[in-house]
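Okay, so here's the structure we're looking at.
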Amino acid sequence: MKKELNDKLQSKKEQRVKDARRNIFNSIIIASSVIYTSILQEQREQSVEIILEKQVSSSSKEFKKVALEAEYNISQLLKDLNEKEEALSKLSLTIPANEQSLMRDVSALSVKLVDLESDLKKFESLNLDIKMAAIEESIEGSPQSILSIPLIKNDLENYKLLSDKEFLRIEKVLSD
């Protein structure tokens with residue numbers, strides 16, 4: 001009886017030692033993972049920052065070129081639209097009494113004219129010149145300040161995914 005109790009006590013001690021070793025090992029793995037992840041994250045941030053600085057400086061020149069082309073195209077479209085509106089307003093049509101198809105054409109043209117006018121008003125209300133100026137001004141600033149919030153958000157999401165995967169892996173190791 002005494003021997004059985006000693007055996008049970010010995011097996012419980014051995015189990016506690018095994019559990020303590022497993023807990024220490026798991027803590028070491030978690031700490032190593034956190035350190036490794038933070039080192040990788042810092043290296044990734046530095047390399048992304050360097051790459052983005054290069055890309056922003058080259059893309060700002062391209063953006064200015066595209067912005068100028070867009071402004072020119074917009075002014076051409078507005079000019080064409082105004083010319084067509086003037087031409088339509090100067091048209092004088094005499095409608096024969098029995099010509100219903102001509103009436104439909106006139107009403108269709110009127111609808112298209114109203115649509116074009118509303119599109120023009122919407123376009124003018126977008127204040128694209130003000131928005132483009134703001135974008136150009138921000139691009140000429142520091143790439144770090146322009147891209148810092150999206151980069152931090154992206155890095156945070158990546159770190160969360162990496163941490164979740166690591167915790168799932170650790171849980172799997174612990175359950176085995």
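Below, each value reflects all heavy atoms present in this structure, side chains not excepted, and no hydrogens, waters or symmetry copies.
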Heavy-atom side-chain contact between Phe25 and Ile29 under 4.5 Å: yes
Reported CG-to-CG distance for the pair Leu81 and Leu113, which is rounded to 0.5 angstrom: 8.5 Å
Spatial distance of atom CD1 (Ile74) from atom NZ (Lys79) [nearest 0.5 Å]: 15.5 Å
Any side-chain heavy-atom pair of Asn6 and Lys3 under 4.5 Å: no
Rounded distance [0.5 Å steps], CD1 in Ile30 versus OG in Ser32: 10.0 Å
Nearest-0.5 Å distance, CD of residue Gln41 to OH of residue Tyr36: 12.0 Å
Pair Asp80-Gln76, side-chain donor/acceptor within less than 3.5 Å: no
Separation between OG of Ser33 and CD1 of Ile170, rounded to the nearest 0.5 Å: 5.0 Å
side-chain hydrogen bond (donor to acceptor under 3.5 Å, both in side chains) partner of Asp19, the single match among Arg16, Arg21, Gln15: Gln15
Glu157 with Lys160: basic N within carboxylate O range, under 4.0 Å: no
Co-membership, hydrophobic cluster, residues Leu120 and Leu116, 4.5 Å side-chain: yes
Rounded distance (nearest 0.5 Å) linking atom CD of Glu4 with atom CG of Leu9: 13.5 Å
Ile24/Ile28 under side-chain contact (heavy atoms from CB on, under 4.5 Å): CA gap, chis, key distance, verdict: CA-CA 6 Å; Ile24 291 170; Ile28 291 171; 3.9 Å; yes
Atom CD of Glu45 with >12 non-hydrogen neighbours under 6.0 angstrom: yes
